[in-house]
Amino acid sequence: MSDAHDAKLVEEGAALARRPGRTTTPVPAVPENWAGVAHADPLSRGHRGYVGTPLARLDGPVKVRGRAPFAAEYGYDDLAYAALAYSTIPKGRMTGLDTAAAEASPGVVLVLTHRNAPRLNPQPGYDMSLRDPGIGFERLPVMQDDRVHWNGQPIALVLAETQEQADHAASLIHATYAAEPAVTSFAAALAAGTRPLEIFGRRIRVELGDAEQALAASAVSVDETYRTPPHHHNTIEPHAVTVAWHGDELRVHDSTQGVLHTAWTLGQILGIDPARIRVTSPFVGGGFGVKVLWQHHVLAAVASRTAGRPVRLALSREGVFRMTGGRPPAEQRVAVGADEDGRIRAIVHTGAYATTRHSPWPEPLSMASQNHYASDAFVLDTSMAYADLVQNCSMRTPGSTIGFFALESAVDELAGKLGMDPIELRLRNETATNPIGGKPFSSRHAAEAWRAGAERFGWSRRSPVPGSVRDGEWLAGMGCAMVSHHYQRRPGGAARIRLTADGRARAEVAAHEMGMGTATVQSQILADRLGLDIDRVSVGYGDSAMPGRFLAVGSSQSAGIGGALLAATRNLMDELLKLVRDGSPLAGLTLAEVGAVNGGLAALDDPSRHESYESVLARAGRAELVVEGSGEPPAEMANVSMFSFGAIFCEVRVSSVTGETRVSRILGSIDCGRVLNPRTAASQFRGGIVMGLGAALTEETVFDDRNGRIVNASLGDYHVPAHLDVPPIDLIWTDIPDPYAPAGARGIGELSSTGVAPAVANAIHNATGRRIRDLPITPEKLL
Amino acid sequence: MIPFTYARAGDEEDAVRLAGTAGSTYLGGGTNLVDLLRRTVERPSALVDVTGLSSSIEDSGGGLMIGAAARNTAVAEHRLVRTRYPVLSRAILAGASGQIRNMATVGGNLLQRTRCPYFYDVAGYRCNKRNPGEGCDAVGGPHRGHAILGASPACIAVHPSDMCVALAALDADVHLRGAGGSRLVPLTGLHRLPGTHPEIETVLAPGELITGVQLPAPVTGERSAYRKVRDRASYAFALVSVAALLGVQDGVVTSARLALGGVAPKPWRAYTAERSLIGGPATATAFRAAAEAELAAATPLRDNGFKVELAVRTITAVLDGLVREERA
Ligand SMILES: Cc1cc2nc3c(=O)[nH]c(=O)nc-3n(C[C@H](O)[C@H](O)[C@H](O)COP(=O)(O)OP(=O)(O)OC[C@H]3O[C@@H](n4cnc5c(N)ncnc54)[C@H](O)[C@@H]3O)c2cc1C
Ligand code: SF4
């Protein structure tokens with residue numbers, strides 16, 4: 001395809017009208033083997049319809065009415081309530097586990113411990129090869145022996161008639177231990193030695209040229225160490241399951257990012273056919289990576305089977321801290337060398353983080369530096385240090401949230417040393433191809449995002465001299481940083497569409513709505529692909545009995561569902577044409593010759609040849625037509641490098657008296673392909689920015705280095721940003737469709753949190769002249 | 001479950017009578033006590049609800065009498081409080097959240113317990129306040145938020161209240177009523193330092209009830225301020241807070257009342273600093289010297305040393321701000 005053609009499409013896309021309403025020109029089916037072909041999807045070609053309009057969330061009304069059922073709200077007549085008791089040492093054996101008082105406590109139905117738990121298979125964990133739909137981070141056996149692996153491990157489950165009775169009885173359980181030496185601090189873990197991080201058996205180390213030598217030879221360079229603490233996700237809804245056995249079928253009401261995966265994984269552990277487990281999760285009160293299978297799923301299922309009663313196990317906030325981990329502590333070295341004119345010659349990004357020996361889980365810090373700056377030489381590597389702490393896991397933008405803190409702080413430091421504007425430095429190192437591997441980017445408009453953001457934010461008013469803007473005791477400054485995240489479409493996506501004689505279509509995908517707007521946006525896409533009014537389509541999700549293997553992770557769902565839906569709509573149109581009878585205006589047309597419009601199909605070259613879905617089905621005497629479609633293997637990433645980009649700009653005020661930082665303004669300028677729905681997209685960006693502010697200024701899971709126990713296991717003590725900490729957040733986007741992504745959209749969930757912490761740290765430097773390289777930037781660091 | 005009885009007191013006499021049996025505890029808004037019950041830190045056998053007792057806020061001879069059952073929000077919003085004692089209003093509004101302040105009572109705020117996380121983690125840690133004599137796990141653990149003044153090796157917890165800091169500076173008195181009758185103690189004398197008995201936090205006798213707080217008439221010519229330094233902009237306890245009332249004439253400090261929060265096991269009246277201030281010049285240098293004199297007694301630990309400098313700076317800035325305000 002010619003450059004001019006591309007440019008025209010880009011222009012068209014950028015100029016997309018935000019006019020709500022359904023498609024008025026026929027939308028053809030996406031051809032087979034689209035993945036890897038530029039602009040194969042008509043929705044990525046300047047199409048107008050519902051896509052791109054700010055439709056309000058379809059799940060809004062049920063949520064504000066309190067009618068959206070969450071996992072801990074499903075009732076069963078005979079429901080029993082569970083509570084957990086947790087270990088208080090980091091490592092060793094239980095020499096005694098006194099459950100007598102708990103068993104004698106009023107209302108107690110069952111006390112489950114390793115002594116009476118049925119034999120179970122170990123947790124399979126997540127399958128990096130993606131062959132099996134395993135989910136969960138930990139690979140330990142669940143309550144199978146007297147071993148303690150971390151401080152906070154569940155050691156007993158109590159089942160009782162009421163939650164209060166269960167909670168109380170759990171507090172009566174008393175364990176004695178034979179403690180063993182444990183590694184309970186990151187420092188001790190590092191001191192014991194690190195090992196290289198491998199993902200799917202391969203080291204993630206990237207080496208290009210001789211970076212250390214290029215660094216030494218650079219005219220200007222920075223070489224610094226950055227430290228970040230552990231974090232917890234703190235979803236507003238704590239983890240919960242309600243489970244019930246019906247014979248040997250298990251029903252699980254869950255709060256999860258992977259319904260099918262949870263069913264499969266539970267099946268492996270319980271030793272039953274996953275097809276006999278149905279997991280539903282219609283509403284999830286936040287996931288961010290942590291709503292996967294943890295021990296509570298297994299314990300609830302086992303307790304329910306043992307007691308012969310439906311069981312609810314809702315973790316307390318403390319329970320969430322004790323038994324589900326988050327982002328691990330990390331220490332990173334970033335060195336960047338450049339010519340005097342700012343051309344980057346070398347990037348060294350190495351780092352280590354803490355994980356468990358039994359279930360090492362990747363936090364690929366150094367990957368943040370992999371795809372952005374046009375450097376000649378790179379050394380990028382991440383290593384692991386083993387600690388006896390609660391299992392670390394993925395947290396919104398694994399590797400990158402803290403990896404970007406290190407990289408983008410270092411780039412800002414480099415700009416300072418060069419005496420160059422930090423945006424100018426970034427623009428000078430823009431690249432059209434991925435510096436590692438050399439593939440062209442599918443669509444990279446980072447420079448536009450930088451320029452538009454700088455303009456809108458008023459960057460030109462920034463004083464380049466740190467510490468020079470003062471308002472009474474308050475020092476003001478501006479900072480910026482890049483955000484980026486890779487596009488991802490995971491294999492295994494599939495969808496079913498049911499078209500009924502009344503001309504309505506319902507799609508079903510085993511995907512997840514965690515508040516992102518998934519169902520709303522996919523309804524918009526479905527309406528456009530089928531030429532239907534939005535109120536004639538619906539999207540079902542959150543049920544392991546539905547088709548497709550989806551995980552709501554890695555900002556991959558929109559693309560994954562998109563890829564499945566476009567296949568299913570193609571199949572639907574194909575099947576409809578087979579039903580077309582002589583006399584129909586569509587008679588004789590092939591799939592390539594029709595498009596969907598006005599509640600039916602029409603000839604692409606003559607839209608007046610149109611027949612409605614109702615009519616096609618009625619003539620064929622069909623009450624409904626049900627088709628399925630599977631997403632093609634994700635070949636679109638084969639020849640192009642697919643990333644979202646953008647920049648965060650922020651303004652801070654720092655008290656020269658107390659060291660308190662207040663962020664007064666923040667702007668995200670985003671290049672994420674097509675924005676499918678500005679309203680839900682803005683909400684995703686805002687949420688990511690707020691989480692980024694927490695990482696920058698207030699959040700830290702405080703572990704007690706003496707025993708590996710979390711000290712601030714509550715929302716009172718763990719400081720997520722409060723409303724007053726969140727300034728007005730302004731957002732703009734390029735809205736240029738990605739020619740290779742379904743509907744032109746690259747996925748956005750994890751993008752915006754990546755650059756916030758460095759933007760804040762850089763702004764603090766601009767305000768005060770103080771460079772803080774360890775998070776969170778609490779007042780004492782600025783005294 | 002740990003059973004307890006619940007009774008609602010009709011009047012003060014009733015309350016004291018109901019609380020006469022061992023194991024009973026008064027219940028205010030419950031914003032602290034209910035959490036402590038849930039965590040089994042406190043295990044009373046009887047709760048005596050005192051939210052039905054006096055909640056009036058009334059002038060008393062130019063001062064103010066506040067009933068112990070008055071809600072924190074009601075006090076903060078009251079016209080007489082805002083006009084005569086703005087420092088009290090500001091201190092209350094700097095604390096907790098709107099919802100909690102709507103529930104919390106004055107009596108409960110005075111007697112709220114420390115937020116030391118080890119105190120709350122019954123399963124995981126030793127705490128002398130919970131189990132006298134067993135040891136204090138805060139001393140060797142992360143203790144960034146703990147006390148730098150008035151603590152002892154037995155306990156380094158801080159008193160968390162904002163309201164009490166303002167009351168301490170305002171020379172408030174606390175009305176008490178017990179089986180043996182009524183008495184008045186100065187707020188600064190209500191809480192005890194931990195010494196070797198951190199489990200004994202106040203001078204209250206068992207069953208003694210707080211009935212009200214009395215504020216003396218404001219000192220004419222004093223300006224006041226409350227400043228709270230914290231980890232996030234709202235809904236966090238103080239790292240350091242300062243309540244200050246300052247009178248200045250012709251560049252000389254004529255009166256100074258200063259109290260600190262977030263640094264000590266009780267609302268900390270900074271007498272040493274006050275002595276250093278009164279009669280001296282109203283300059284930033286003198287303010288800093290006074291603050292340093294107060295903090296000379298500090299005994300910081302591994303993680304909380306920053307509070308010393310933070311307190312000195314905050315005191316200096318607050319006093320300096322009052323002088324500038326005066327000039328403006
Ligand atoms: C999340 C959170 C954040 C908070 N943040 C802050 C903050 O930033 N600043 C701050 O100052 N406070 C803060 N608080 C604490 C709050 O101010 C207190 O919980 C509240 O003031 C307690 O009042 P209450 O009436 O609810 O007391 P209760 O919980 O009912 O009682 C507390 C104690 O006082 C005793 N008591 C109550 N009334 C009487 C009486 N009349 N006579 C004798 N004894 C009595 C009770 O027996 C109990 O021991 C916070 C609380 C929470 C939960
Ligand atoms: S500081 Fe005081 S309250 Fe905290 S653990 Fe030690 S004794 Fe208990």
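Chain naming here is simple, since letters A, B, ... match the order of the sequence lines and numbering starts at 1 in each. Values below: all heavy atoms of this structure, side chains included; hydrogens, waters and symmetry mates excluded. Remember, predicted model here, so these are calculated numbers, not experimental data.
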Check: What distance do A:Thr658 atom OG1 and B:Arg230 atom CZ have between them, rounded to the nearest 0.5 Å?
Finding: 11.0 Å
Margin query: Heavy-atom cut-off 4.5 Å, strictly under: side chain, backbone, both or neither for A:Phe703 against chain B?
Written below: backbone
Check: Which answer fits A:Arg662, side chain, backbone, both or neither, if we ask what part of it has an atom under 4.5 Å from a heavy atom of chain B?
Finding: side chain
Item checked: Residue A:Val702 versus chain B: region with a heavy atom under 4.5 Å -> side chain
Notebook entry, point to check: Relative to chain B, which segment of A:Asn707 carries a heavy atom at a distance below 4.5 Å: side chain, backbone, both, or neither?
Noted result: side chain
Checklist line | Student check: side-chain heavy atoms of A:Pro779 and B:Asp231 closer than 4.5 Å | finding: yes
Notebook entry, point to check: Heavy-atom distance under 4.5 Å to chain B: side chain of A:Thr661, backbone, both or neither?
Noted result: neither
Next item on the list: Could you look at A:Ser656 and say if it's the side chain, the backbone, both or neither that has a heavy atom under 4.5 Å from chain B?
Entry: backbone
Notebook entry, point to check: Counting only heavy atoms not in A:Arg706, do more than 12 fall under 6.0 Å of its CZ?
Noted result: yes
Notebook entry, point to check: Are A:Asp717 and B:Arg115 close enough for a salt bridge, meaning some N to O gap below 4.0 Å?
Noted result: no
Check: Quick one: what part of B:Phe237 sits under 4.5 Å from any heavy atom of chain A, side chain, backbone, both or neither?
Finding: neither
Next item on the list: Please list, in residue-number order, every residue in residues 134-146 of chain B that has a heavy atom less than 4.5 Å from any heavy atom of chain A; write 'none' if there are none.
Entry: B:Asp137, B:Gly140, B:Gly141, B:Pro142, B:Arg144
Check: Short question: side chain of A:Asp725, backbone of B:Arg232 - any donor-acceptor pair under 3.5 Å?
Finding: no
Check: With a 4.5 angstrom heavy-atom cut-off, which part of B:Asp121 approaches chain A: side chain, backbone, both or neither?
Finding: side chain
Next item on the list: Please state whether the side chain, the backbone, both or neither of A:Glu660 comes within less than 4.5 Å of a heavy atom of chain B.
Entry: side chain
May I have the list of side-chain donor-acceptor pairs in residues 29-40 of chain B shorter than 3.5 Å, sequence neighbours left out?
residue : atom : partner  : partner atom : Å
B:Asn32 : OD1  : B:Arg113 : N            : 2.8
B:Asn32 : ND2  : B:Tyr120 : OH           : 3.2
B:Arg39 : NH2  : B:Tyr120 : O            : 3.2

Notebook entry, point to check: Which of the residues A:Val711, A:Thr698, A:Thr778 is involved in the greatest number of heavy-atom pairs with chain B at under 4.5 angstrom?
Noted result: A:Val711
Checklist line | Spacing of OH belonging to B:Tyr125 relative to OG1 belonging to A:Thr88, to within rounding of 0.5 Å | finding: 10.0 Å
Check: If you take all heavy atoms of A:Arg709 and B:Gly124, which pair is closest and at what distance?
Finding: NE-CA, 3.5 Å
Check: Is B:Arg227 salt-bridged to A:Glu473, cutoff N-O under 4.0 Å?
Finding: yes
Notebook entry, point to check: Which region of B:Ile2, side chain (C-beta onward) or backbone (N, CA, C, O), has a non-hydrogen atom less than 4.5 Å from a non-hydrogen atom of chain A, or is it both or neither?
Noted result: both
Next item on the list: Below 4.5 Å from any heavy atom of chain B, which atoms of A:Leu715 appear? Answer side chain, backbone, both or neither.
Entry: backbone
